[in-house]
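Down below is the structure, laid out as structure tokens.
These numbers come from a predicted model, not from an experiment.
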Amino acid sequence: MAKAAIGQICSSNSMAHNLEQCVKLVGQAAAAGAKILFLPEASDYIGSSAAESLSLAKPISTSPFVNGLCSAAAKHKLAVHVGIHVPVTVKPATDPSHPILNSVPESEDASSVEEASKESSASKPTSEESSKEDPSAPKIKLYNRTIYIDPSGTLVANTSYDKLHLFDYPTASLRESTTTQAGSRFTPPFPSPIGHLGSLICFDLRFPEAALHLTTRSHNTPPSYPLANPVPHSPNPLNPSSYLSPAQVLLYPSAFTVPTGAAHWSVLLRARAIETQSYVIAAAQVGLHNPGASPRVSYGRSSVIDPWGRELLVLKGVKEDGKEAEEGAVGELGVVDIDLGEWEKVREGMPLLRRTDVYPEV
């Protein structure tokens, strides 16, 4: 049994302020005896507009947020899992196979990103010139990514995950795919102080197939389709039978909207835990992110659910009016014990034997 900490913040367009919030939580988590801290999606920043979000992104190698968090993790000897943005050069997809796959990633290299950014800034076309713009010219998009930092402050190779399902929500005039590049693979579950972690992000919560994929080891044959983005020297990311272990803890760092959070947050988290018989940890953003510049508000209520579907922890959220965070919600920390004996007990007590002779594996 080991202690896990869940930190809840309200990111803004100030990366320095966001880092300050996270570093404070690292210290508090370590003091509480936790072995790992989970932080929300987009902990590095939430911009007041799509254009600002693109302008704030930094390659991992030069990100002051990532470097600062790694230093804090090393100082306190605490593992940290956190959501960030990573810029990537892209080109338009010539024949998109899916509505959100409208671009093809090219490079995350800092020099490539810088060059593409300069070219984009120097060649902003007028409305008359827009039709002459070279559609094949590299542009910048963002990966919505999670990273894992070990207790020595080192970014662990092959543990980052890029969000697969993008939040295109026309009713609320939100289209994440406009500025975000969709991920192309799962990340194999990886070990941590509290068990093997299965990384997913926010809107992925609505897709049970992803959770079942990471927590199941029933596959006996490799996939019949090519890997979209294979990881060298890593287990096959699309075939759970080659995973070293199924995920014992599913992660959903999030920034849920208030309407969808109020309607679906709790029930979706519990559903994913129950159907996969796994722990679920969901660190969430909370409150009004950029007062006076943007109306965007996040729901909060960071949660931990056990494999039987019980809520072990629920932090504070927004007030009833849905416009600002409850007192004490921003910067709140929760600590829970993760007991892998309970994970084994639930799975052994109620085996879920899937009829893959009738329906396909996921």
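- Classification of Glu311 and Arg270 as a salt-bridged pair fails, no side-chain N sitting under 4.0 Å from a carboxylate O.
- Listed by chain and residue number, Leu19, Ala72 satisfy the side chain to side chain contact (heavy atoms under 4.5 Å, CB included) test with Val23 (two or more places apart in sequence, or in another chain).
- For Gly153 against Ala73, the heavy-atom pair with the smallest separation is CA-CB, 4.2 Å.
- Under the rule for a salt bridge (Lys or Arg N to Asp or Glu O under 4.0 Å), Asp321 has no partner lying at least two apart in sequence or in another chain.
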For salt bridge (Lys or Arg N to Asp or Glu O under 4.0 Å), just list the numbers for Glu275 and Arg272, CA-CA rounded to whole Å, side-chain angles, deciding distance to a tenth of an Å, and then say yes or no.
CA-CA 5 Å; Glu275 69 200 3; Arg272 297 296 85 84; 2.3 Å; yes

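- A salt bridge does not link Lys319 to Glu327: none of the charged nitrogens lies less than 4.0 Å from a carboxylate oxygen.
- Contact check on Glu108 versus Arg145 returns a salt bridge, with a Lys/Arg side-chain nitrogen under 4.0 Å from an Asp/Glu carboxylate oxygen.
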Set out, in order, the CA-CA distance, both residues' side-chain angles and the distance that settles side chain to side chain contact (heavy atoms under 4.5 Å, CB included) for Val249 and Leu251, then state yes or no.
CA-CA 6 Å; Val249 182; Leu251 308 178; 3.8 Å; yes

Side-chain polar contacts of residues 30-39 - donor-acceptor pairs under 3.5 angstrom, sequence neighbours left out - could you list them?
none

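- By the ring pair (Phe, Tyr, Trp, His ring centres under 6.0 Å) test, Tyr161 pairs with no residue at all, sequence neighbours left out.
- The six-membered or imidazole ring of His165 lies away from that of Phe203, with a centre-to-centre distance of 6.0 Å or more.
- For His85 and Tyr143, the gap between ring centers reaches or exceeds 6.0 Å.
- Distance CE/Met1 to CG/Asp339: 3.5 Å, rounded to 0.5 Å.
- Ion pair Arg310/Glu342 flagged as a salt bridge, since at least one NZ, NE, NH1 or NH2 atom sits closer than 4.0 Å to an Asp/Glu carboxylate oxygen.
- Relative orientation of the Tyr299 and Trp265 rings is perpendicular, given thresholds of 30° and 60° on the angle between their planes.
- The list of side-chain hydrogen bond (donor to acceptor under 3.5 Å, both in side chains) pairs with a residue in residues 249-261, not counting sequence neighbours, reads Thr257-Thr260.
- The structure places NZ of Lys141 at 12.0 Å from OG1 of Thr89, a figure rounded to the nearest 0.5 Å.
- The six-membered or imidazole ring of His196 lies away from that of Phe190, with a centre-to-centre distance of 6.0 Å or more.
- The salt bridge (Lys or Arg N to Asp or Glu O under 4.0 Å) check on Lys3 picks up Asp337, with sequence neighbours excluded.
- Rounding to the nearest 0.5 angstrom, the gap separating the CG atom in Leu197 from the OG1 atom in Thr146 is 9.5 Å.
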